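Worksheet for the structure shown next.
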2 protein chains.
Amino acid sequence: MEKQTITIYDVAREASVSMATVSRVVNGNPNVRPDTREKVLKVIEKLDYRPNAVARGLASHRTTTVGVLIPDITNIFYASLARGINDVATMYKYNIILASADEGKHKVNTVLESILAKQVDGLIYMGQNIDDSIRKELDRSKTPVVLAGTVDPSGKIGSVNIDYVAAVKEATARLISTGNQHIAFVTGPLSDPINGQYRLKGYQTALADAKIAYDESLVFETEYSYRAGEAVWDAVKHAGATAAVITDDELAVGFLNGGIDTGAKIPEDFEIITSNNTILTEIVRPKLTSIAQPLYDIGAVAMRLLTKMMNKEEIEQNTVMLPHSIITRNSTK
Amino acid sequence: MEKQTITIYDVAREASVSMATVSRVVNGNPNVRPDTREKVLKVIEKLDYRPNAVARGLASHRTTTVGVLIPDITNIFYASLARGINDVATMYKYNIILASADEGKHKVNTVLESILAKQVDGLIYMGQNIDDSIRKELDRSKTPVVLAGTVDPSGKIGSVNIDYVAAVKEATARLISTGNQHIAFVTGPLSDPINGQYRLKGYQTALADAKIAYDESLVFETEYSYRAGEAVWDAVKHAGATAAVITDDELAVGFLNGGIDTGAKIPEDFEIITSNNTILTEIVRPKLTSIAQPLYDIGAVAMRLLTKMMNKEEIEQNTVMLPHSIITRNSTK
DNA sequence: GCAATAAATGCAAGCGTTTTTATATATTTT
DNA sequence: AAAATATATAAAAACGCTTGCATTTATTGC
């Protein structure tokens, strides 16, 4: 009664050729006489045959599937990267296994393990700092990995980013140039090297260049969320800051509104530069001046890089830095 | 030289049991003597054996993978649903193959085909209207499908939604109650039954109840995006509307800013109610009054429903309607 | 202590492909 | 036209697991 699924074997029989030949046709192997190809294609059409990707994966050791690890799919920053990843993946005929590894909730290791068990051909990794246990897991599977919007200070793993040091340095310098002497640095977890090493360094360097003493009490570490931004406004204000560099747009938007809602005038009383130039920066009033990262491109380039690795092509540069800029809007003077 | 991958066979040999027994241990089959189980587990640990999910999938006809079709991953509405889906999927040990089927760009059919080829155990479908070719594709594969935030007017396919008719009716009535006689309905594609049938009907019903004539020139069909919202403001204003019900938050936010930026006073001159109650409604000033849909829950419930279908459990109700409400903020009087 | 029954384990046939190797057929070369 | 070479096709062995069935081992009843 059950509608029998049609296999390559059925096609072979019906077309009076071997399975091997059908396989060749399906895979576009040129070693098939045109008329045989025709014949086989006709049968495939007639039987409405669809190759079983799982069987293919087992036999060929290629699943045409890549894993994508994302910290939070509702964060526009990561979602934008994901869009770039997705488009390029689609272009190269890969499917994406998406796994979200919310800090804590689903432990990265478990999630990673489940993805790797699925025999993905490659992995795009976003977010979370890469600790030893993760690195070990990555090593044991010989799966190619590319980090998108995430750094590996050891430089072993390929990655696509912007120059965070330079970007934050420029942003900070810009705030200094309009007379600010007390500039806050409002950031996500410093355990993430992007924040703790690169961005912080850019911030410090700009201060040093301007002969302003680095004051640790102006560094605010919190989480990437709107609420966290709202919540931190008071503290920043009380610390005596007159401007802030903020490392995430949701955070910055919360921070901005935290200020606005308590009567602060932005940018007159307080200047803000944020970091990701997502649509959020244009949605709020005043619009936010921002470091512009080519989010979509970071994802796209990361995925492209991964395709090369999966093809075992020669990689000229496994750490790529895309250009950034600063988009001036109305949260700065 | 290549580090040999360890298979179930290696474990079996090393533990001096059969592959079947190892398989039983790995799959938690109770028919294994505790000491044998111990022995096998020890070897698994020692060899660091990891089952190959692809081989498992081929042998068992279950991939523990579900497909998720999403129109646009950067749209907070869908991303929120996806988060609910993801959490429940993780809870039930399923991986997600995410495919984004941007209107047009990647045709739904192609994407669907590639997902189904991967032998997913089930499918969550969001967004796009389900036309005949899609329905056919869905039917041919016997894969269980649940729609999340998407309706199937035919009622054949399981789905999780809110009562769009009632929600929009309430929203419209609320605007009428504050004296508005010319209320615009700003929506995404009317080809989507949610808009074209349900929401529109709610809008019309509210008008009818208040004895206000339905005026087609107050219905504005556009796309779900910030820019589209900005762009449509003028037309709506010129049509003489004094309030609007808008079916998407990004759209609404663009619309709001389109107004604000041209000097309109909201809500004094113009009232707005939006539809999804995402964080965007709280980010803008004034904050937007909104229909509240339990986005995360829609996703979560949809996925839960799907797990039941995949287990062939009895489904009491394959179309579930979650409760909605209206959250009053500052874009209405 | 033995038959009857239940529980644990092993055997081996799939699952639906790809791919290597061998064979048959076609094409060139001389 | 035979030998040599190139091209198409076939045969069958993997790929790494699950699972139905057969077999062995343990448990129970009397």
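Proteins come first, then strands; the chains are lettered A, B, ... in the order of their sequence lines, and each starts at number 1. Remember, it's a predicted structure, so these values are computed and weren't measured experimentally. Only this structure's heavy atoms are used, side chains among them; waters, hydrogens and symmetry mates stay out.
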Can you confirm whether B:Met303 sits close enough to B:Val66 that some side-chain heavy atom of one is under 4.5 Å from a side-chain heavy atom of the other?
yes
Report the distance from atom NZ of A:Lys118 to atom P of D:dC17, rounded to the nearest whole Å.
14 Å
Is B:Ser159 close to B:Val320 at the side-chain level, that is, under 4.5 Å between some pair of heavy atoms?
no
How does protein contact run along nucleotides 11-20 of chain C, one letter per nucleotide 5' to 3', with B for base contact, S for sugar-phosphate only, - for none, heavy atoms under 4.0 Å?
B--BBBBBB-
Strictly distance-based, threshold 3.5 Å: is any side-chain N or O of B:Thr21 a donor or acceptor partner for the main-chain N or O of B:Val17?
no
In plain terms, say whether B:Asp139 and B:Lys136 are close enough for a salt bridge, that is, a side-chain N and a carboxylate O under 4.0 Å apart.
no
To the nearest angstrom, the CG-C1' distance between A:Leu116 and D:dG16 comes to 17 Å
Between A:Lys46 and A:Asp48 (salt bridge meaning N to carboxylate O under 4.0 Å), is one present in this structure?
no
Indicate yes or no for a side-chain donor-acceptor contact from A:Thr74 to the backbone of B:Ala79 under 3.5 Å, with no hydrogens or angles considered.
no
Per-helix bend value, the helix from C:dG1-D:dC30 to C:dT30-D:dA1, C1' rotation axes over five pairs per end, 10° rounding, shows 30°
Basic-acidic side-chain contact under 4.0 Å: B:Glu137, A:Arg50:
yes
Taking only residues two or more places apart in sequence, or in another chain, which ones meet A:Arg33 in a salt bridge (charged side-chain N to carboxylate O under 4.0 Å, His left out)?
A:Asp35
Rounded to the nearest Å, what distance is computed from the CG atom of residue A:Asn31 to the C1' atom of nucleotide C:dT23?
15 Å
In whole Å, I'd like the distance from the CG atom of B:Asn29 to the C1' atom of D:dT19.
10 Å
Quick one: B:Asp35 CG to D:dT25 P, roughly how many Å, whole number?
15 Å
